[in-house]
Amino acid sequence: MPIHQQLLFLILSFFTVLSSAEPAFWDELDNRYTLASRLFTYDHSQPRGDYVNENAFLAYHSYQQWVLAWRADNQIYQAPAEDHLSAEAQFELTELSWSHSFLDSEGDLWQAGKFNLPLDPGYAFQSTAFFESTANPFDDFASSEGINMLSASLWIKNYYLTAVVALAGQDKTYQDKKQWAVIVQRDFDALSSSFIVQQYQGTNPGAGTTFTYVNGESLELHGSAFIRKGSLWLNGFHQAVPAGSNIEDSFAERDNQWLTEIVLGSVWSGLSHQFLAEWTYQQEKLAAAEVNSLYQLSNGPRPDTDNNNSPFSEEIIALYQQRYQQQYLFLQYQYSMTDHTITANSLIGQDQSALSQVKYEYLPNLDISLWLAVELTSGSGQTEFTQIPWQKRLQAGVLWKI
Amino acid sequence: MHYLAYLWLALFTAQAGAQEPPAPAEYSQQQIKNWLIKADTYRQPFKSGELKTTLTLFKDNKQAESSSFFVQLNESGDSRVTMLDTRSKGQKVLLTESAMWLYIPRTRKAIRITPMQRLMGQASYGDVSSLSWQHEYQWDNSPVIEKLSNNTASVCFKVQATRKSATYRSINLCLEKDSLRPVNADFYLASGKLMKQAVYLSSSNSSGLIDQTKFIQPGKNNQHTMMKNTDYLEKQHKQTIFTRQGFIKK
């Protein structure tokens, strides 16, 4: 259905429900709206398709056990080789879910619809985020679109058990695959832990664990690990390279191996300062030698993103979600005063390229936030973050919560 | 020689004339625990219930900003705080024996936070979510000091955190000697640094209940934060809302 029809349907349904509502309805109805707008300027070596302005309207409604969240986005961009500005709009149904407890003790929880089921404690990297949207610490307005699924949870003494069936995978590689999982959560004093068994349709099941631990008043530690035999993500590369090449052997070898993904992180909080460090290792992704072999296979230096024909082309489109290196480090420093916050983020790959951001935010009152951010990609010509379609970007934004 | 004799005589006289300090009264852990239980009744008049909290930040004695919270507490000392104001509406904080969790609706996710993380002005998450000392602190056996101020006798003593989720490592607490009503408190970090101070107050219509707390941070003399509690209601809650999986529910 076209965007304008979806929007019209949503608005009409909403007002129909409101007009027939009893007075008690209003007491239980929770509406929240966020209006955000940002402008960009870029500094890069050649013209690309750059966004100049983005506007987002985010809405959240909840009534009793129902939640409806949606967003409408409008982007104005300068297309390559064109001297006029163009615009495009998107509508996203972020969440439409129903939850209910059947037991008098409310020791159970059933959820159905489109929603997120968060499990992974990672801030930037996640190895067990099968049922939740991808974390993106660089963008407060990144999509948090849920997945169509059904989950049933039960508290049994100190254990919290969840069974979930989803109609889609969370990331691009698995978005056409159904998936299921069983999750057990348990807290041991200051340690909170989860254990998960998960399987995508037609793949090997995997198992993993997560933990968070707070030590004293300032230090938090967290992490997750997941292991699975084989990788659909790696298969994509495997099929793209010539048979018999060295790298083909390397990929074939891993087809039947148990592949591990690990995330370890820590947050230190002071009175005004906060420091976050997070590291990830994904065995299914590409080692430095494999990346070099792929460069050679694509005949010399990698071409620009706009006319990329290297084996990485698909991955570069959704670069953040599809990071292809085995190791990354994320660092964040935040300094907060009463109305002012300064945040510095840096995502560093094993090839020593980096995506960095410094953001200043001013909160003049409880409803409005203004910010200014500078983002910079760095690395040599053949490293991952120089492939982002800007080298330096300045962003100014305003957010209004209604 | 004369001088030495005078010096000896002076020292002897001074020592003989000095009064022995009064022997410190003997207190037991149970006695101080009972004091804390009694003191808690002034701030939290029920074991399980709910109330509304408003934090107001003052700069140069002028109101700068204000924020409201809905607080639910149970008899085990666990609490759930729901933010009511626009900027953070829908955010929730869970405080249990071992952890503090923050739920941010935009991310649909609960993250574990440290007690040090700041809420607003001079107030931390723990100041709003915890209204009792009995579950989180115990006397450290240091001397109990009696003070007289404005014709009111008070007892002051130091308590140390026994819960991992306690907001402060130690507190110097002063209670009115007769009523055991909290008067003021100094809050310390693990390093021994003074983090903030609180003065406990009652509105004229509060029937002696402590419904206002003034927080002051050393080095920020032109600022203070007032915490005001209203709409107290004794109520039993489902235990599941005090779990990390259940506290995000409506």
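Lettering of chains follows the sequences in order, A, B, ..., and the numbering in each one begins at 1.
- Looking only at heavy-atom pairs under 4.5 Å with chain A, the residue among B:Pro105, B:Ala99, B:Ala190 that has the most is B:Ala190.
- With rounding to the nearest 0.5 angstrom, the CD1 atom of B:Ile104 is 12.0 Å from the OG atom of A:Ser144.
- Within the model, atoms CG of A:Asp187 and CD of B:Gln245 stand 6.5 Å from one another, a figure rounded to the nearest 0.5 Å.
- Using a 4.0 Å cut-off between charged nitrogen and carboxylate oxygen, A:Asp339 and B:Lys59 count as a salt-bridge pair.
- When heavy atoms are compared at a cutoff of 4.5 Å, B:Glu97 does not approach chain A at all.
- Within the model, atoms NZ of A:Lys401 and CG of B:Asp85 stand 11.5 Å from one another, a figure rounded to the nearest 0.5 Å.
- Counting non-hydrogen atoms of other residues, nucleotides and ligands closer than 6.0 Å to NZ of B:Lys52 gives a total of 12 or fewer.
- For the atom pair B:Trp101 CH2 and A:Thr212 OG1, the distance stands at 3.5 Å (nearest 0.5 Å).
- Only the side chain of B:Thr243 comes within less than 4.5 Å of a heavy atom in chain A; its backbone stays farther off.
- Between atom CD of residue A:Gln185 and atom CZ of residue B:Arg244 there is a gap of 4.5 Å, rounded to the nearest 0.5 Å.
- For A:Trp110, the CH2 atom sits in a loose shell: 12 or fewer heavy atoms of surrounding residues, nucleotides or ligands are nearer than 6.0 Å.
- Around atom CH2 of A:Trp98, more than 12 heavy atoms belonging to other residues, nucleotides or ligands sit under 6.0 Å away.
- For the set A:Ser105, A:Ser133, A:Ser99, A:Ala69, the entry with the most heavy-atom pairs within less than 4.5 Å of chain B is A:Ser105.
- B:Lys238 places a side-chain N or O within donor-acceptor distance of the main-chain N or O of A:Asp104, the cut-off being under 3.5 Å.
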Open item on the list: Show, in sequence, the C-alpha distance, side-chain angles and deciding distance for A:Trp155 and B:Gln239, and conclude whether the side chain to side chain contact (heavy atoms under 4.5 Å, CB included) test is met.
Closed with: CA-CA 11 Å; A:Trp155 278 272; B:Gln239 185 52 34; over 6 Å; no
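- Looking at A:Leu119, there are no atoms closer than 4.5 Å to chain B (heavy atoms on both sides), in backbone or side chain.
- Within the 4.5 angstrom heavy-atom criterion, atoms from both the backbone and the side chain of A:Asp140 approach chain B.
- Interface check for chain B: of the options A:Glu220, A:Glu95, A:Glu106, the most heavy-atom pairs under 4.5 Å are formed by A:Glu106.
- In this structure, the side chains of B:Lys109 and A:Asn116 stay at 4.5 Å or more apart for every pair of heavy atoms.
- A salt bridge (Lys or Arg N to Asp or Glu O under 4.0 Å) check over residues 109-129 of chain A, counting only residues at least two apart or in different chains, returns the pairs A:Lys114-A:Glu145.
- Of the atoms belonging to A:Leu399, not a single heavy atom falls under 4.5 Å from chain B.
- Ranking A:Ser369, A:Gly146, A:Ser193 against chain B, the residue ahead of the rest is A:Ser193, based on heavy-atom pairs under 4.5 Å.
- With a 4.5 Å cut-off on side-chain heavy atoms, B:Arg112 and A:Ser192 count as touching.
- For the pair A:Val214 and B:Ile113, the tightest heavy-atom approach, listed with the atom from each and the gap, is CG2-O, 4.1 Å.
- Partners of B:Val81 under the side chain to side chain contact (heavy atoms under 4.5 Å, CB included) rule, at least two apart in sequence or in another chain, are B:Phe69, B:Val71, B:Val93, B:Val128, B:Ser129.
- In this structure, B:Lys89 NZ and A:Asn31 CG are separated by 7.5 Å, a value rounded to the nearest 0.5 Å.
- For a residue to count as touching a neighbouring chain, one of its non-hydrogen atoms must lie under 4.5 Å from one of that chain's; by this rule A:Tyr60 touches chain B with the side chain only.
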